[in-house]
Amino acid sequence: MTKTDALIIKSSDQVPRHTLLKRFPVPRNHGVEPGSRIEPGRHWPAPEGATRIKTFEIYRYNPDSGGNPRLDTFEVDLDDCGPMILDALIWIKNNVDSTLTFRRSCREGICGSCAMNMDGTNWLACTRFIEETGTPARIYPLANMRIIKDLVPDLTHAFAQYEMIEPWLQTKTPAPNRERLQAPEDREKLNGYYECILCFCCTSGCPSHWWNGDRFLGPAALLQAWRWLDDSRDEATGERLDKLEDPFRLYRCHTILNCTRTCPKGLNPGKAIAEIKKNIAERRS
Amino acid sequence: MERISSKHTRPLSPNIQIYRPQLTSVLSIANRITGVFLSACAVVLVLWLAAAASGPDAFSRFQSVIGSWPGQILLLGATFAFFMHLCGGIRHLVWDTARGFELRQIYASGWIVVVASVVLTLISWLASMLIAGQS
Amino acid sequence: MDRYRFRSPIGRAIGLGSAKAGFEHWWTERVTAVALVPLTVWFAASLIAHSGSGYEAFIGWLGSPVTAVLMILLLIALFWHTALGLQVVIEDYIHSGAKIWALLAARFGCFTLATVGIVATLRIAFGSWAGV
């Protein structure tokens, strides 16, 4: 259980017990396209005889219906259901509404499929305890993504930005007959960056990516860009930095740090981006 | 990828409408808001200098506007905005050396910025009132 | 972009390619910020120290050589930093054709204000405040 009263958050899995503001005080439909406005949805009551009930408000969207997204309310029997949000979603799909659609695979926080926005923050549904959410628990898809159906976002652009940073080893020296050598200290530098599961919680939670996501690469792609920049075996450092040094691709990062706060693997994209900027500065002087 | 066959575009999931304000995002937007507000105050600063250069009459007219209670509220706001942007700016300069990125450091430095801004505002106003009272 | 309706996802991400620039803006914003820390603290402390003093004493201080130099340095650093900061804010939020006009207005405004401030400081420093 990671609900905390602490003012100083030490790790990203901590959930504050009390929040002053659940959302920024902006008009709910300000700047929202008409086709994206969320309408009230159905109410699905708990089965009879259920004693421990938790209410979930879940974003729904059916592309075949031609309508707007809506917010359905589900009552879940906690005695019949596992402890995680993903367990609740599976319970709803099995027992209440089989059309509820979401991505999932490993159920242990390593594949990144079930990334979504729960109670206002992005995290993996399989590692977020139901007890850590409020009443009602508000389940939305990853923020600022085009939605294919229900809680399934279209990650095409996010992966295109990842592809653009060329996430593979690039060398000029010919491949050796054995493995490319790397000192343990150099291998250490990759720790904290290679573990990214590409869930895109960070990119989806970055306000700068909300406003400029078409041109700003976002924390996920930039963290991986740093992973390859800092790999001692890679020989395309100059070219990589050339492609990154752009007022929008890199420098839309204003160190807001929502990314580091929300990473479900405890990684630090903010720090990676700062290292990239530092490298660009160092090669100038 | 945004368009499927006919007129329908896929809806965009809500972003600022539902995302929880956290110390990270709140202090960042506060730094931006104080910065833009200070840009407006810079205009007033130049007008004040021009008034000072134009002679005692223009200057005292300016001072009386600042001395009125709406002017004093503006000045208090400007003082707070200045200290918040100054402390936030120093926090940013530390980050630019790629230091202070652990989550506990981010939160600790963030709260220090908030507290320091309030304290410095109070100290400067108290000092100003004391010194004005003595002269 | 509408003219690239069938562009591939990677093509859309690439856009017009990397500008291979952007460091100068970032660096200058930081350099002016570092300069502004002591300059603004000096200015704020001076204003507080002169609370309640009369016009003559105040102008005497403002017109002294050291103050005038520091004041001009403050104006330069302040309006340079402001121009750079406002540029970033405008680029973040305005994406239509109005962006270029907003950028020009902000930059010209900062230049003009800095010039007015410097001229005023010089006038005070060289003593010609009699409206001549």
Side-chain angles (χ1 to χ4, degrees), chain A residues 7-12 16 19-24 26 28-33 35-38 59 61 63 66 68-69 117 119-122 138 140-148 153-154 156-157 204-205 207 210 254-258 260-262 266 268 270-271 274-275 277-278 281, chain B residues 1-36 84-85 87-118:
Chain A
L7 280 178
I8 300 193
I9 302 287
K10 292 193 174 57
S11 71
S12 53
T19 35
L20 205 57
L21 283 175
K22 285 201 168 54
R23 49 185 291 280
F24 279 98
V26 296
R28 239 183 219 282
N29 282 321
H30 176 71
V32 175
E33 300 161 356
S36 301
R37 295 206 178 133
I38 303 172
Y59 178 103
Y61 171 65
N68 273 32
N117 186 295
D119 273 5
T121 53
N122 294 339
R138 290 176 222 270
Y140 283 83
L142 279 184
N144 203 69
M145 294 275 169
R146 292 282 166 195
I147 301 304
I148 301 174
D154 182 359
T156 313
H157 183 63
S204 151
W210 296 345
H254 305 310
T255 329
I256 300 173
L257 290 177
N258 261 16
T260 303
R261 177 65 183 94
T262 208
N268 204 328
K271 183 174 163 98
E275 301 277 8
K277 290 175 182 169
K278 215 171 124 183
Chain B
M1 271 307 139
E2 294 175 7
R3 297 189 175 273
I4 51 180
S5 52
S6 61
K7 320 151 211 171
H8 275 298
T9 310
R10 288 178 168 146
L12 195 68
S13 60
N15 44 66
I16 197 171
Q17 297 84 14
I18 54 101
Y19 208 91
R20 164 180 290 182
Q22 299 168 308
L23 193 72
T24 46
S25 51
V26 170
L27 280 186
S28 176
I29 194 65
N31 206 47
R32 174 163 278 193
I33 291 175
T34 51
V36 173
M84 174 149 265
H85 196 79
C87 298
I90 292 173
R91 188 171 175 235
H92 262 91
L93 288 172
V94 172
W95 281 334
D96 290 330
T97 63
R99 283 200 205 82
F101 274 100
E102 296 306 309
L103 212 48
R104 62 176 192 286
Q105 294 170 318
I106 293 170
Y107 267 73
S109 61
W111 287 118
I112 289 175
V113 164
V114 174
V115 170
S117 308
V118 175

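Below, all heavy atoms of this structure are taken into account, side chains as well, without hydrogens, waters or symmetry copies.
Proximity to chain B is limited to the side chain of A:Lys278, based on heavy atoms less than 4.5 angstrom apart. Proximity to chain A is limited to the side chain of B:Trp111, based on heavy atoms less than 4.5 angstrom apart. Of the atoms belonging to A:Asn258, heavy atoms from both backbone and side chain fall under 4.5 Å from chain B. If you measure heavy-atom distances from B:Ile16 to chain A, the contacts under 4.5 Å come from both the backbone and the side chain. Looking at A:Thr260, both its backbone and its side chain come within 4.5 Å of chain B, counting heavy atoms on both sides. Heavy atoms of A:Ile38 lying under 4.5 Å from chain B belong exclusively to its side chain. At a 4.5 Å heavy-atom cutoff, the contact between A:Tyr59 and chain B is made by side-chain atoms alone. Contacts of B:Ser13 with chain A are made by both backbone and side-chain atoms, with heavy-atom separations under 4.5 Å.
Residue A:Lys10 holds its NZ atom at 12.5 Å from OH of B:Tyr107, rounded to the nearest 0.5 Å. Once rounded to the nearest 0.5 Å, the distance linking OH of A:Tyr140 with CD1 of A:Ile147 reads 12.0 Å. Atom CZ of B:Arg32 sits about 11.0 Å away from atom OG1 of B:Thr34, to the nearest 0.5 Å.
Nearest heavy atoms, A:Arg28 versus A:Val32: O-CG2, 4.0 Å. Of all heavy-atom pairs spanning B:Phe101 and B:Trp95, the tightest one is CE1-O, 3.3 Å.
The candidate with the highest count of non-hydrogen atom pairs below 4.5 Å against chain B, out of A:Thr121, A:Ile9, A:Val26, is A:Ile9. Ranked by heavy-atom pairs under 4.5 Å with chain A, the first of B:Val26, B:Ile29, B:Leu27, B:Leu103 is B:Leu103. The choice from A:Thr262, A:Asn122, A:Asp119 that makes the most heavy-atom pairs within less than 4.5 Å of chain B is A:Asn122.
Side chain of A:Arg23 to main chain of B:Pro21: no donor-acceptor pair is present (N/O by atom type, distance under 3.5 Å, no hydrogens or angles).
Put simply, the side chain of B:Val94 does not reach to within 4.5 Å of the side chain of B:Gln105, judged on heavy atoms.
A search for side chain to side chain donor-acceptor pair (under 3.5 Å) contacts involving B:Arg99 returns B:Thr97, not counting sequence neighbours.
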